[in-house]
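Please read all numbers here as calculations on a predicted model, not as lab measurements.
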Amino acid sequence: ILMAMKIGQDIFDYINTVRNPNSKQTMKRRVQEYQPKQDIVDKLAALNSRYFMVVFSAEWNGECRAQIPSLAKLLIQTNNSNISVKVVDFDENRDIAEEMRVLRIPTIVVHDKSWKEIGRFVEKPQHGATLEEELWEIVGKSANAS
């Protein structure tokens, strides 16, 4: 996990280093256009405990091109330094992905302040939820427990 955090990139650096020009343009446009749900933004902005998210992504993957920019926009709007996010290239780091049992992308592995895994967002939101609702469901349980 620590290795993933060390080799991982800042989410904005990741988007900026996407090699395919169409993918990069799509992702940058999505960062601008995506509107996270304000009630969830407010809840995440108010968190005062540390959370570490390791995101496995690949630029060729359609769900990654949709979800990574949404996460980036959510981070901009929550503006909470307690939430650390690193993006790890799935193709270049298969060993770490295997070690962390990541089979599908994007996968966002969420850890609490003691580096205990508390949940995962895999591929796309389930049950009609949004990315931020799913992340809050993971973090909110932990925040309410501490």
Side-chain angles (χ1 to χ4, degrees), residues 1-37 40-41 43-45 47-143 146:
I1 299 163
L2 290 171
M3 183 64 184
M5 284 302 278
K6 274 196 189 96
I7 62 164
Q9 282 185 293
D10 172 86
I11 193 165
F12 303 102
D13 291 341
Y14 175 80
I15 292 171
N16 283 322
T17 56
V18 165
R19 289 178 288 274
N20 179 310
N22 290 342
S23 297
K24 185 188 286 189
Q25 191 177 4
T26 300
M27 291 174 88
K28 286 186 166 189
R29 187 172 53 245
R30 179 139 176 104
V31 171
Q32 290 171 341
E33 293 172 357
Y34 188 71
Q35 291 302 321
K37 294 193 170 179
I40 307 288
V41 168
K43 289 176 186 173
L44 289 168
L47 287 173
N48 53 17
S49 192
R50 297 276 295 150
Y51 292 91
F52 302 94
M53 298 182 190
V54 179
V55 183
F56 286 86
S57 179
E59 64 180 73
W60 51 261
N61 179 284
E63 279 304 323
C64 292
R65 288 195 304 266
Q67 303 304 331
I68 303 305
S70 302
L71 179 58
K73 181 66 166 272
L74 183 63
L75 290 172
I76 291 167
Q77 291 197 348
T78 56
N79 191 23
N80 187 334
S81 61
N82 284 316
I83 303 170
S84 299
V85 176
K86 292 289 184 187
V87 181
V88 175
D89 187 290
F90 181 73
D91 293 326
E92 291 172 16
N93 299 285
R94 289 288 172 129
D95 52 335
I96 294 172
E98 264 176 45
E99 189 184 309
M100 293 180 70
R101 299 179 318 282
V102 173
L103 303 172
R104 298 193 309 264
I105 51 174
T107 292
I108 304 170
V109 186
V110 184
H111 301 90
D112 66 12
K113 64 180 180 276
S114 55
W115 284 98
K116 183 175 151 285
E117 182 178 326
I118 57 171
R120 291 179 176 215
F121 171 97
V122 180
E123 265 181 316
K124 57 183 182 265
Q126 306 299 315
H127 320 297
T130 60
L131 170 90
E132 62 272 14
E133 286 171 321
E134 286 216 355
L135 289 175
W136 174 250
E137 200 163 296
I138 294 167
V139 171
K141 277 185 208 143
S142 157
S146 58

If you look at every heavy atom in V139 and M53, which pair is closest and at what distance? CG2-CE, 4.3 Å
Going by the rule side-chain hydrogen bond (donor to acceptor under 3.5 Å, both in side chains), which residues pair with K28 if we only count those two or more places apart in sequence or in a different chain? N16
Mind checking side-chain hydrogen bond (donor to acceptor under 3.5 Å, both in side chains) for Q126 and listing every partner two or more places apart, or none if nothing turns up? none
Excluding sequence neighbours, so at least two apart, what forms salt bridge (charged side-chain N to carboxylate O under 4.0 Å, His left out) with K37? E133
Evaluate the side-chain proximity of F121 to V110: yes if any heavy-atom separation is below 4.5 Å, no if none is. no
For a quick test of reading the model, state the closest non-hydrogen atom pair linking S57 to I68 and the distance between them. OG-CG1, 3.6 Å
Sequence neighbours excluded, which residues qualify as side-chain contact (heavy atoms from CB on, under 4.5 Å) partners of E123? R104
Using atom types as modelled and distance alone, determine if a side-chain donor or acceptor of E59 lies under 3.5 Å from a backbone N or O of R19. yes
By salt bridge (charged side-chain N to carboxylate O under 4.0 Å, His left out), R50 pairs with (sequence neighbours left out) none
Taking every heavy atom of I15 against every heavy atom of V31, the minimum-distance pair comes out as CD1-CG2, 3.9 Å
Supply the atom-to-atom distance S70 OG to M27 CE, rounded to the nearest 0.5 angstrom. 9.5 Å
Quick one: ring pair (Phe, Tyr, Trp, His ring centres under 6.0 Å) partners of Y14, sequence neighbours excluded? none
Taking side-chain contact (heavy atoms from CB on, under 4.5 Å) as the test, write out the residues that go with A97, two or more places apart. F56, F90, V102
State which residues pass side-chain hydrogen bond (donor to acceptor under 3.5 Å, both in side chains) with T107; sequence neighbours excluded, sorted by chain then number. none
How would you list, by chain and number, every residue that makes a side-chain contact (heavy atoms from CB on, under 4.5 Å) with Q35, sequence neighbours excluded? K73, Q77
Measure the shortest side-chain to side-chain distance between I11 and L75 over non-hydrogen atoms and say whether it is less than 4.5 angstrom. yes
So which heavy atom on S23 is nearest to which on R65, and how close? OG-CD, 3.4 Å
Looking at N80 and L47, would you say the former's side chain and the latter's main chain have a donor-acceptor pair under 3.5 Å? yes
Answer whether the closest heavy-atom distance between the side chains of L131 and I108 falls below 4.5 Å. yes
Is the shortest heavy-atom distance from the side chain of I118 to the side chain of K141 under 4.5 Å? no
Test of understanding: with side-chain contact (heavy atoms from CB on, under 4.5 Å), list the residues that count as partners of S81, not counting sequence neighbours. none
Taking side-chain hydrogen bond (donor to acceptor under 3.5 Å, both in side chains) as the definition, give me every residue that meets it alongside E132, ordered by chain and number, with sequence neighbours left out. Y34, T130
Under a 4.5 Å cut-off applied to non-hydrogen side-chain atoms, are F12 and I76 in contact? yes
Counting C-beta onward and ignoring hydrogens, is there a side-chain heavy-atom pair between Q67 and P125 closer than 4.5 Å? yes
Give me each pair satisfying salt bridge (charged side-chain N to carboxylate O under 4.0 Å, His left out) with a member in residues 74-91, each pair once, sequence neighbours excluded. D91-R94
Point-to-point distance, once rounded to the nearest 0.5 Å, from OH of Y51 to NE2 of H111: 13.0 Å
Shortest non-hydrogen contact between V88 and G8, atoms and distance: CG2-CA, 4.0 Å
Nearest 0.5 angstrom please: I83 CD1 to T78 OG1, how far? 4.5 Å
Closest heavy-atom contact between K24 and V18? CE-O, 3.0 Å
